[in-house]
Amino acid sequence: MGNFPEAGAVARIRLFASSNAWIEGAATRQLDQLAGRPDMLAVAGMPDLHPGHHAPVGSAALARGRVFPDVIGTDIGCGMQFWSLDLPERRLKLDKAVERMAVLEGAWEGNAAALLDEHGLPLDFAASLGTVGGGNHFCELQAVEEIFDPATAAQAGVVAGGLSLLVHSGSRGLGPAVLAHHHVDGTGGLPLEGAGMDYLADHDLALRFARLNRQVIAGRALQALRTEGEERIDNPHNLAERQGDLVLHRKGAAPSDRGLVPIPGSRGSVTYLVEPLPAPPDALASLAHGAGRKHDRASMLGGKRQVASNLDRLTRNPYGGHVICTDRQLLLEEAPEAYKDVTKVVADLEAEGLVRVVAILRPVLTFKTARMKREQGRVKR
Ligand SMILES: Nc1nc2c(ncn2[C@@H]2O[C@H](COP(=O)(O)O)[C@@H](O)[C@H]2O)c(=O)[nH]1
Ligand SMILES: [Mn+2]
């Protein structure tokens with residue numbers, strides 16, 4: 001992982017963003033606080049950096065002999081899964097697809113318990129396997145906008161006129177249960193020996209649950225679209241990775257050591273498919289995982305923006321595509337304007353020599369889950 005200062009010394013901090021990148025002071029302060037935790041060797045901030053609960057989203061942190069569950073947070077294993085479809089864009093019947101993809105709102109009708117059992121995973125959250133979950137999770141059908149490197153794009157099944165699916169979801173109820181079980185007060189984390197290893201064992205189950213969840217969601221979407229497809233990329237961005245006595249934490253940071261990486265912007269902007277380049281050790285084998293939030297949820301619900309938005313506008317995208325989401329509040333919170341400009345984020349990664357753009361994809365149909373009725377009621381009060 002490179003030569004970093006020894007534990008006890010000041011951890012190295014590196015921000016991979018241009019001076020005009022949109023990065024809040026609160027996020028850089030969180031990056032400094034992360035670097036000040038015990039046994040921390042190095043932290044990296046990506047251009048999608050924004051404030052998180054216990055650590056900034058868009059960051060990676062390397063520690064010796066210690067793991068920090070609160071840094072990874074509740075949605076352990078959340079990530080992006082990319083599928084190529086055997087359906088050319090010219091054969092897509094968008095109206096039918098909009099109608100059929102709505103099936104994702106309900107529970108999966110398959111045998112979740114049997115599948116989890118087969119994968120050696122706990123059954124406690126079987127009911128949510130194959131569901132997208134709320135917030136900024138999504139399942140999105142995408143079309144090819146531009147290909148810069150056809151040979152590399154073909155490795156991910158991206159060809160002119162083709163369609164792909166990007167699934168963003170995590171470990172549903174399992175991640176929060178794992179964090180609650182290994183709760184630590186304060187910012188001291190857990191020593192790797194003992195309690196830290198116990199956490200990592202449960203964390204790994206949540207990581208595997210999250211990947212399986214994305215696979216089931218993709219399978220349901222393919223069935224709804226009456227097509228077949230192939231999983232090409234699975235890139236988790238909330239995870240801890242142990243390498244000997246080192247622990248690499250990623251909080252909303254995409255691993256750059258697993259092949260091509262999709263970097264989505266929002267339901268109203270493009271996704272970049274990038275190839276990671278050999279990077280300096282300071283980057284901690286990580287990249288931006290998206291555009292990153294520019295405005296928090298509360299400010300997206302504020303006067304001006306809300307007045308200007310009707311449901312029709314909110315459920316269309318600038319490319320003529322559709323958004324399936326029956327929850328107006330969520331549509332506002334997750335409006336494209338809530339996010340930074342993904343083109344600038346990717347330009348910063350390119351300028352830092354971390355990636356090369358392989359292709360650009362545009363959103364055709366985005367599915368977002370409506371909040372549960374009970375939750376909606378709580379928010380309104
Ligand atoms: N293509 C889409 N991208 C989206 C959508 N909603 C959010 N996003 C992007 O994904 C990341 C995910 O962030 P995370 O911190 O929740 O893991 C976010 O930063 C946005 O850039 C969408 O509907 N479609
Ligand atoms: Mn995520």
Side-chain angles (χ1 to χ4, degrees), residues 22-23 27 46-53 55-60 71-82 101 104 132-143 145 164-172 175 206-207 210-211 213-214 217 234-239 250-255 261-273 286-297 300 314-319 321-325 327 330-346 349 360-370:
W22 180 288
I23 295 185
M46 293 296 145
D48 56 340
L49 196 80
H50 60 280
H53 287 303
V57 181
S59 69
V71 169
I72 307 304
T74 51
D75 200 1
I76 301 166
C78 185
M80 304 284 170
Q81 194 171 89
F82 184 85
M101 282 272 274
L104 292 178
V132 173
N136 43 7
H137 295 136
F138 61 86
C139 175
E140 190 168 277
L141 184 63
Q142 303 182 331
E145 181 75 357
S164 49
L165 197 69
L166 185 63
V167 181
H168 172 223
S169 190
S171 49
R172 309 291 283 111
L207 201 66
R211 179 175 185 173
N213 187 41
R214 291 187 283 275
I217 294 165
D234 187 80
N235 194 282
H237 48 236
N238 290 345
L239 72 161
R250 292 191 182 94
K251 175 64 183 172
V261 178
I263 304 184
S266 73
R267 66 173 192 242
S269 52
V270 294
T271 290
Y272 283 83
L273 183 65
S286 300
L287 296 174
H289 77 312
R293 262 197 179 268
K294 186 172 183 179
H295 303 295
D296 62 23
R297 290 171 184 281
M300 288 310 293
L314 290 168
T315 53
R316 298 305 297 257
N317 75 33
Y319 303 91
H322 287 253
V323 179
I324 306 174
C325 179
D327 183 338
L330 185 69
L331 280 165
L332 282 166
E333 289 172 0
E334 286 295 311
E337 308 85 81
Y339 289 98
K340 304 190 203 191
D341 180 349
V342 69
T343 300
K344 288 190 180 149
V345 167
V346 172
L349 294 175
I360 298 180
L361 306 148
R362 72 183 132 79
V364 173
L365 175 53
T366 304
F367 173 85
K368 297 240 187 205
T369 298

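The shown structure was predicted, so the numbers you read here are calculated from the model rather than taken from an experiment. Both counts, for ligands and for their atoms, begin at 1 and track the order of listing. Values below: every heavy atom of this structure, side chains too, minus hydrogens, waters and symmetry copies.
Applying the side chain to side chain contact (heavy atoms under 4.5 Å, CB included) test between M46 and each of I23, V57, L349 identifies L349 as the sole match.
Between S171 and D75, the closest heavy-atom pair is N-OD1, 3.1 Å.
The CG atom of L141 sits 9.5 Å away from the CD1 atom of I324 when rounded to the nearest 0.5 Å.
Contact check on R293 versus E334 returns a salt bridge, with a Lys/Arg side-chain nitrogen under 4.0 Å from an Asp/Glu carboxylate oxygen.
Taking the six-membered ring for Trp and thresholds of 30 and 60 degrees, H237 and H289 have ring planes more than 60 degrees apart, a perpendicular arrangement.
By the ring pair (Phe, Tyr, Trp, His ring centres under 6.0 Å) test, F82 is found to be paired with no residue, residues two or more places apart in sequence or in another chain being considered. Listed by chain and number, the residues in a side-chain contact (heavy atoms from CB on, under 4.5 Å) with V132 are H137, C139, I217, F367, T369 (sequence neighbours excluded).
Distance alone, capped at 3.5 Å, places no donor-acceptor pair between the R297 side chain and the E333 backbone. Judged purely by atom type and a 3.5 angstrom limit, K340 uses its side chain to pair as donor or acceptor with the backbone of P47.
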For each nitrogen or oxygen atom of ligand 1, which protein N/O atoms lie closer than 3.5 Å, and how far apart are they, rounded to 0.1 Å?
| from | atom 1 | to | atom 2 | distance (Å) |
| --- | --- | --- | --- | --- |
| ligand 1 | 1 (N) | E140 | OE1 | 3.3 |
| ligand 1 | 1 (N) | E140 | OE2 | 2.8 |
| ligand 1 | 1 (N) | S266 | O | 3.2 |
| ligand 1 | 3 (N) | S266 | N | 3.4 |
| ligand 1 | 6 (N) | K368 | NZ | 3.0 |
| ligand 1 | 13 (O) | H289 | NE2 | 3.2 |
| ligand 1 | 15 (O) | H289 | NE2 | 2.8 |
| ligand 1 | 16 (O) | N136 | OD1 | 3.1 |
| ligand 1 | 16 (O) | N136 | ND2 | 2.6 |
| ligand 1 | 17 (O) | H168 | NE2 | 3.1 |
| ligand 1 | 17 (O) | H237 | NE2 | 3.0 |
| ligand 1 | 17 (O) | H289 | NE2 | 3.1 |
| ligand 1 | 19 (O) | G292 | N | 3.1 |
| ligand 1 | 21 (O) | P264 | O | 3.3 |
| ligand 1 | 21 (O) | G265 | O | 2.7 |
| ligand 1 | 21 (O) | A291 | N | 2.8 |
| ligand 1 | 23 (O) | K368 | NZ | 3.0 |
| ligand 1 | 24 (N) | E140 | OE1 | 2.8 |
| ligand 1 | 24 (N) | R267 | N | 3.3 |

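Of all protein N, O or S atoms, those under 2.8 Å from the Mn ion (ligand 2) number 3.
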